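Here the structure comes first, spelled out in structure tokens, and everything after it is commentary.
Note: hydrogens, waters and symmetry copies are ignored here, and every other heavy atom, side chains too, is used. All values reported here derive from a predicted model rather than from experimental measurement.
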Amino acid sequence: MTVPTQKPARKLTMQQRYAALTHDLDWDPTYVAEEEIYPFTTFEGIKVHDWSKWEDPFRLTVEAYNKYQAEKDRRLYAVLDGFAQSQGQLSLTEGRYMNAMKIFLQGIPSGEYQAHRNFSHLARYFNGPGARFASLCQSMDELRHAQTEIHTLSHYNKYFGGMHDWNKMSDRVWYLSVPKSFFDDAGTAGPFEWLIAIGFSFEYLLTNLLFVPFMSGAAFNGDLPTMTFGFSAQSDESRHMTLGLEGIKFMLEQDEDNLPIVQAWLDKWFWRGYRLIALVAGMMDYMLPKRVMSWKEAFELYFEEQMLNGLFKDLEYYGIKPPRHVQWAIDEKEILSHQVYWVLYQFSHAAAFTTTIPNEEDQAWLESAYPETWPVFKSVVWDKAQRVVDSGGRYFNPGLPQLCQICQIPMGFTEPGNPLVQCQRHSIYEGERYDFCSDGCQWIFDREPEKYVQAWLPVHQIYQGNCGGPTLPDVAVWYGLEPGDAGEYIGSMDHQDWLKWHASSIKEG
Amino acid sequence: MSVVAAPRPVGVDLQENEETRAIVEAIEADNDDLTVRHMPGIVRLTKEGQLVINQESVEGRLGRPWETHEFQLAMISYFGEFVEWDDDRIVIAWKH
Amino acid sequence: MAVVAISDYKFPSKSRQELYGDDQLVHLWWKGNPYFVAASCFRFPKAMPFGDLVELCKGFFSADPDLDPTAFDSVQWVIDDKPVTPDLGASLEANGVGHKSLVQFSI
């Protein structure tokens, strides 16, 4: 036996460890052609000359990834336990707050799972080891997000309606076709388009708007578990944002022919993502009993300031322009949440959440956040809805709405400059007429009509008899709705329970 | 090593809790003209040009070893680009 | 522009008229009244007289408590952006209402 005489190796620097454990584990194939191993990275037209130029600024290795993710989960589960033990659901601001979480649970974990699957695909099929490893980490993150979201909200499922069949609902219910079709659209694109769609346009440009003010709102409304999983997930998002940014810069630096392809994807996916998070606008401004900031403020802070005045100035260097329909989004910031919540209010009889007319306190807040537009909306629609309630009724739309072929949201968005007239756009393709809510959605259709003629539009499917039957009660059963899930909040099962829980605590106290 | 940064704001949103207080203090000490905004659960730090997080400053305030990877546990979001992420420091800036 | 894809990419519309037999989808839109947040979608027989559609509107849109149903006797109908004077006894089809047409009015 020989005694080793050399000194133990010096500890590697972060940069060396990253290189050794990601890039250096790769090899060049010898007996199989590269395009046979990686068959999906050429058809989209993106030209890549040197995959080794892809670097992960986080310099993550498997070891570091596991270590920090485990720590994040430990912290989250400690909070969940404490919340459940202390009957934390009783300390929410109000029972109606939970409606925002119902929409979150019904819409988001399935999307996270879709993201998991597609990043897993990238982790297998990208040619470069740096891109593959970053995608692998994101794939595992997305699975973690789906699991922690479901696990966190499962506590509330014991006490509130609307959360029992979230996965069936995410497949079937009309408003949940909005996120579902979004991820189906991205997942059926090629790997580079997926990366621009989800990694860049959604994660970098837009998810701050979904997570940051919303989770801060959870903190403000006594919802400790949601705040904790939100921030835990969002700490992964920072890596995802980086992957998206790295991805777009990599494509732009590899070949100048990539610029027009990337720009068109960016134009498309900004608008797709922006329309998707319109639901968040309605939730933020109308469904949180206590608000941190308005949709308009969040949009100005997290989109206009950070992205338009920060990121896009940076991307100008490569010839990238701000997204094609960005001005429309800016113009809508004063009215978006009013319109979305008005959709949710009048169709909540067919939904797995409840809604109610903003109370006096809500209205005072809306007036201060939207001094120009709230008074108009109030006088045109809410005063009338209030009169219906005062006479013992509740306004629900008696029909099924016209849906946008692309975003699948009921066509309640209005013409720029005229908040009282809905925007109607149409294209004829192969003799058939298709409807759109905006120039943005119409532009997306006209670019790839073959893709979007296949859209599974909930209203059309109901009329074809594919959703359980011809009447609303038939459809509600097929959706998985149970008594107490839908309709008006005041007087609902959730509302009655909430009053009962708090009345008894006063008596006992 | 200095980083050439474009003169536009960059920033980072951190969880506001005991763990990150030392990090926030370290960033405040090492970055002049930092803007700090508090929201429920969040502290938002923004600065013109570049924002630096030094391992030594954080360790000095935490009183224990701290790997720069640990910054991921504190971070909720950021804007700018990680132009440097090494053992001893993290730098956020716009490259162009 | 064709979809960039790994193979031929051609699929039928999921909402083509033939899926509705002798019926078709029709959108009714009260333009300028956001109380109905979006136009409404109906499945109507192509052969349904336009007059039946007018009668249906009187009931349907009375979900707005301010509606005076007699207003429908004098509204200006617009079918797919063209102002028309419909023949109430003739079918939707004969009046130019096609699959997914937009039938609008203002009051």
Side-chain angles (χ1 to χ4, degrees), chain A residues 39-40 43-45 188-190 193 261 339 342-343 345-347 377 380-381 384-385 387-388 391 393 395-403 405 409-414 419-422 424 426 429-430 432-435 437 446-451 453-457 459-461 463-464, chain C residues 1-21 23-45 56-67 78-81 96-104 106:
Chain A
F40 304 124
F43 79 91
E44 294 174 277
T188 48
E193 185 177 345
I261 304 175
Q339 297 181 339
W342 184 232
V343 170
Y345 179 84
Q346 66 186 266
F347 288 106
F377 269 80
V380 174
V381 301
K384 205 181 280 190
R387 268 194 283 137
V388 174
S391 61
Y395 170 55
F396 293 116
N397 189 302
L400 302 179
Q402 181 187 28
L403 301 178
Q405 187 79 19
I409 298 174
M411 292 201 3
F413 301 112
T414 49
L420 301 183
V421 172
Q422 296 95 340
Q424 286 273 353
H426 316 281
Y429 175 68
E430 295 191 336
E432 188 172 337
R433 184 182 165 97
Y434 297 90
D435 307 314
C437 69
D446 289 345
R447 225 181 127 253
E448 296 175 302
E450 304 92 334
K451 189 162 195 185
V453 297
Q454 305 166 68
W456 191 95
L457 293 180
V459 168
H460 297 180
Q461 293 301 314
Y463 280 132
Q464 286 172 36
Chain C
M1 187 180 134
V3 172
V4 176
I6 48 175
S7 58
D8 287 344
Y9 195 99
K10 193 73 194 163
F11 300 93
S13 158
K14 247 194 188 59
S15 196
R16 56 196 186 278
Q17 191 279 322
E18 69 189 56
L19 297 170
Y20 302 88
D23 299 345
Q24 61 186 8
L25 298 180
V26 177
H27 295 115
L28 294 183
W29 183 33
W30 184 344
K31 185 178 176 181
N33 181 3
Y35 196 64
F36 299 90
V37 73
S40 297
C41 183
F42 294 86
R43 176 174 172 160
F44 289 146
L56 177 137
C57 284
K58 292 179 183 174
F60 183 86
F61 290 103
S62 67
D64 182 337
D66 296 339
L67 173 73
V78 178
I79 298 174
D80 297 340
D81 298 328
V97 177
H99 183 48
K100 292 194 256 174
S101 270
L102 180 69
V103 178
Q104 75 185 62
S106 299

Item to check | Which atoms of A:Gln339 approach chain C - backbone, side chain, both or neither, heavy atom under 4.5 Å | outcome: backbone
Checklist entry - Measuring heavy-atom distances to chain A, does C:Leu28 have an atom under 4.5 Å in its side chain, in its backbone, in both, or in neither? => result neither
Checklist entry - C:Val4 and A:Glu44: which non-hydrogen atoms are nearest, and at how many Å? => result CG1-CA, 3.9 Å
Checklist entry - For the residue pair A:Trp342 and C:Pro34, what are the closest heavy atoms and their distance? => result NE1-O, 2.7 Å
Checklist entry - Are any non-hydrogen side-chain atoms of C:Val37 and A:Phe347 less than 4.5 angstrom apart? => result yes
Next on the checklist: Need one label for A:Val343: side chain, backbone, both or neither, based on atoms under 4.5 Å from any heavy atom in chain C.
Outcome noted: both
Checklist entry - Can you tell if the side chain of C:Ser15 reaches within under 4.5 Å of the side chain of A:Trp456, non-hydrogen atoms only? => result no
Next on the checklist: For the NE2 atom of A:His426 and the OG atom of C:Ser101, what is their distance to the nearest 0.5 Å?
Outcome noted: 9.5 Å
Checklist entry - What part of A:Tyr345 lies closer than 4.5 angstrom to a heavy atom of chain C: side chain, backbone, both or neither? => result neither
Next on the checklist: I'd like to check C:Lys100 versus A:Tyr434 (side-chain heavy atoms, cut-off strictly below 4.5 Å). Are they in contact?
Outcome noted: yes
Next on the checklist: Any carboxylate oxygen within less than 4.0 angstrom of a Lys/Arg side-chain nitrogen, looking at A:Glu430 and C:Arg16?
Outcome noted: no
Checklist entry - Under the ring pair (Phe, Tyr, Trp, His ring centres under 6.0 Å) criterion, do C:Tyr35 and A:Tyr395 qualify, and how do the steps go? => result CA-CA 10 Å; C:Tyr35 196 64; A:Tyr395 170 55; 4.1 Å; yes
Checklist outcome for this item: Okay, A:Phe413 and chain C: the region with an atom under 4.5 Å from a heavy atom over there is neither
Checklist outcome for this item: Interatomic distance, CG@A:Leu457 vs CG@C:Leu25, rounded to 0.5 Å, equals 10.0 Å
Next on the checklist: Nearest 0.5 angstrom please: A:Leu420 CG to C:Asn33 CG, how far?
Outcome noted: 9.5 Å
Checklist entry - Could you state the interatomic distance from CD (A:Gln454) to CZ (C:Phe11), rounded to the nearest 0.5 Å? => result 5.5 Å
Checklist entry - Given a strict heavy-atom distance threshold of 4.5 Å, which part of A:Val459 is in contact with chain C: side chain, backbone, both, or neither? => result side chain
Item to check | Option from A:Glu450, A:His460, A:Glu432, A:Gln405 for which side-chain contact (heavy atoms from CB on, under 4.5 Å) with C:Ser13 holds | outcome: A:Glu432
Next on the checklist: Given heavy-atom pairs under 4.5 angstrom as the criterion, report whether the side chain, backbone, both or neither of A:Phe377 touches chain C.
Outcome noted: neither
Checklist entry - What are the two closest heavy atoms between C:Arg43 and A:Tyr463, and how far apart are they? => result NH1-O, 2.5 Å
Checklist entry - Considering only heavy atoms, which portion of A:Leu400 lies under 4.5 Å from any heavy atom of chain C: side chain, backbone, both, or neither? => result both
Checklist entry - Are C:Trp29 and A:Gln422 linked by a side-chain donor-acceptor pair shorter than 3.5 Å? => result yes
Checklist entry - Can you say whether C:Ile6 sits under 4.5 Å from chain A via the side chain, the backbone, both, or neither, judging by heavy atoms? => result both
Checklist entry - Which heavy-atom pair separates C:Gly32 from A:Val421 by the least distance, and what is that distance? => result CA-CG2, 4.0 Å
Item to check | Distance in Å, C:Cys41 SG paired with A:Leu403 CG, rounded so as to fall on 0.5 Å steps | outcome: 7.5 Å
Checklist entry - Which atom pair, heavy atoms only, marks the closest approach of C:Phe36 to A:Gln346? => result CA-OE1, 3.9 Å
Next on the checklist: Quick check for you: to the nearest 0.5 Å, what is the distance between A:Gln464 atom CD and C:Lys14 atom NZ?
Outcome noted: 9.0 Å
Next on the checklist: Using a 6.0 Å cut-off, check whether atom CG of C:Asp66 has over 12 heavy atoms from anything other than its own residue.
Outcome noted: yes
Checklist entry - Are any non-hydrogen side-chain atoms of A:Arg433 and C:Asp80 less than 4.5 angstrom apart? => result yes
Item to check | Over all atoms of both residues, closest heavy-atom pair of A:Pro410 and C:Ala38 | outcome: C-CB, 4.2 Å
